[in-house]
Amino acid sequence: YVVYALGHLQVSWERVQQGGPMAAKLLSRMWPPNLAPDKLELITAGMLESIQIAVIASFVGVALSLPLGLMAARNLAPRALATAARVLIALCRTFHPVIVAILFVKAVGFGALAGVLALIVSSMGFVGKLFAEVLEELDARQVEAVRATGAGYASVLVMGVMPQVYARFIGLAAYQFDSNLRNSTMVGIVGGGGIGAALFTAYQRFDYDVVLTILLVTIALIMLAELLSLGLKKVFR
C-alpha cells in the first residue's frame, strides 16, 4: 500500500532533486537574518503575545482537563458519565489546532482570543485523554483503603488518587505548555494572534531574512521551554 500511495501521490526522487536547488535559493535569500531594530521590536511584540497565549491557554486548558479526566476515568466515574466525557475529549481531539483556530477566528474575530480558545480546546483533548488513562492505571488498593475509612468522594480523590498521579499530571501540564508554545505560532498564521501573524506577513512580503529571524527566535524560545519542562519534572518527580 505504501508503494501504491507513493505512486498515487506522485512522490518521486526526481521531484526531490528538482526541489533541492529551489530550497538552496530560498536559504540563500534568508541569510543573514534581519536584526534591524524595527524588525526586532515587531518580532519581540509578537513573541510576547505568543507566550501570553500559550500561558493562558495552558492554565485554563489544564485546569479544565483535571475534572474532565476524572469524569472520563472508568474506574472512578459512572459508566454513562465516563462515556460522555470521553466523547467530549474525542471531539476536542478531532481537529488540528489550526482548524479550530479558523473556526474561532470566524466566531470571535482576528486576534489573540481566537488563538487562546483554540489552544484551550486542544489542551483539553490531549491532557484530558492522557490524564484519564493515568487515572485508570492507578493502584486500586490505596483508593479502597481510603474508602474503607468511610471517606467521601472528595477525600478519596485528595488522599487516595492525587498522590499517585500528581507527578504525572505536572509532567503532562509542562508538556502541554511546551506544545501550546509551538502551536501558538501556527494558530497565528490563520489570524489567532502571536508571532505567527508576523511570520505569515513576512512570507507574503518575501522578507525571507525576517522569516529566518523569527524562526531562530522561535527555536530559542522552544529550547528554553524544554529546559523549563525538564526542570519542573525533576522538581515534582
Side-chain angles (χ1 to χ4, degrees), residues 2 5-58 95-102 104-105 109-119 122-123 126 174-234:
V2 172
L6 288 173
H8 187 72
L9 297 175
Q10 299 180 355
V11 177
S12 65
W13 178 246
E14 288 75 16
R15 294 187 63 188
V16 175
Q17 290 179 316
Q18 292 174 1
M22 297 299 297
K25 182 179 179 181
L26 175 63
L27 292 175
S28 66
R29 294 180 64 182
M30 284 184 170
W31 189 263
N34 192 330
L35 301 178
D38 57 331
K39 301 297 183 182
L40 290 178
E41 182 179 356
L42 179 65
I43 293 172
T44 300
M47 192 59 68
L48 288 176
E49 187 174 58
S50 288
I51 295 174
Q52 293 166 348
I53 290 172
V55 170
I56 296 173
S58 299
F95 301 105
H96 192 276
V98 172
I99 299 177
V100 180
I102 293 174
F104 279 117
V105 166
F110 291 94
L113 178 59
V116 169
L117 294 175
L119 295 183
S122 176
S123 300
F126 179 80
Y175 177 82
Q176 187 59 39
F177 171 71
D178 182 54
S179 177
N180 283 339
L181 201 55
R182 295 192 302 270
N183 290 333
S184 65
T185 303
M186 293 188 293
V187 299
I189 294 176
V190 295
I195 193 63
L199 180 63
F200 184 66
T201 301
Y203 266 118
Q204 286 186 315
R205 294 178 177 177
F206 304 105
D207 294 334
Y208 295 120
D209 52 349
V210 178
V211 170
L212 178 60
T213 306
I214 294 174
L215 294 179
L216 292 176
V217 173
T218 303
I219 291 172
L221 183 63
I222 297 301
M223 295 297 292
L224 289 175
E226 182 68 19
L227 294 176
L228 176 62
S229 176
L230 292 175
L232 287 175
K233 291 178 182 178
K234 290 181 179 179

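Annotation: the span from Ile51 atom CD1 to Phe177 atom CZ amounts to 7.0 Å, rounded to 0.5 Å. Remark: Leu199 CG to Leu215 CG distance equals 6.0 Å, nearest 0.5 Å. In this structure, CD1 on Ile219 lies 9.0 Å from CE on Met223, to the nearest 0.5 angstrom. Between Leu42 atom CG and Met47 atom CE the span is 11.0 Å, to the nearest 0.5 Å. The distance from atom CD1 of Ile214 to atom OH of Tyr203, rounded to the nearest 0.5 Å, is 9.0 Å.
The shortest heavy-atom contact between Val116 and Ala57 is O-CB, 3.8 Å. Of all heavy-atom pairs spanning Ile53 and Ser184, the tightest one is CG2-CB, 4.3 Å. The two residues Gly109 and Ala114 have their closest heavy-atom pair at O-CB, 3.7 Å. Nearest approach of Val105 to Val190, heavy atoms of both residues: CG2-O, 3.7 Å.
A donor-acceptor pair under 3.5 Å links the side-chain atoms of Ser58 to the main chain of Ala54, judged by distance alone. Checking side-chain atoms of Ser50 against main-chain N and O of Ile195 turns up a donor-acceptor pair under 3.5 Å. Counting only distance, with no hydrogens or angles, the side chain of Ser122 and the backbone of Ala118 share no donor-acceptor pair below 3.5 Å.
With contacts defined as side-chain heavy-atom distances shorter than 4.5 Å, the pair Arg182/Thr218 does not qualify. Taking the side chain as every heavy atom from C-beta outward, Thr213 and Asp209 never approach each other to under 4.5 Å.
Between the side chains of Asn180 and Ser123, a donor-acceptor pair is found at a separation under 3.5 Å.
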> Taking it one step at a time, do Asn183 and Met186 satisfy side-chain contact (heavy atoms from CB on, under 4.5 Å)?
Replying inline: CA-CA 5 Å; Asn183 290 333; Met186 293 188 293; 2.7 Å; yes

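Of the residues listed (Ile189, Val211, Thr185), the one engaging Phe200 in a side-chain contact (heavy atoms from CB on, under 4.5 Å) is Ile189, and it is the only one.
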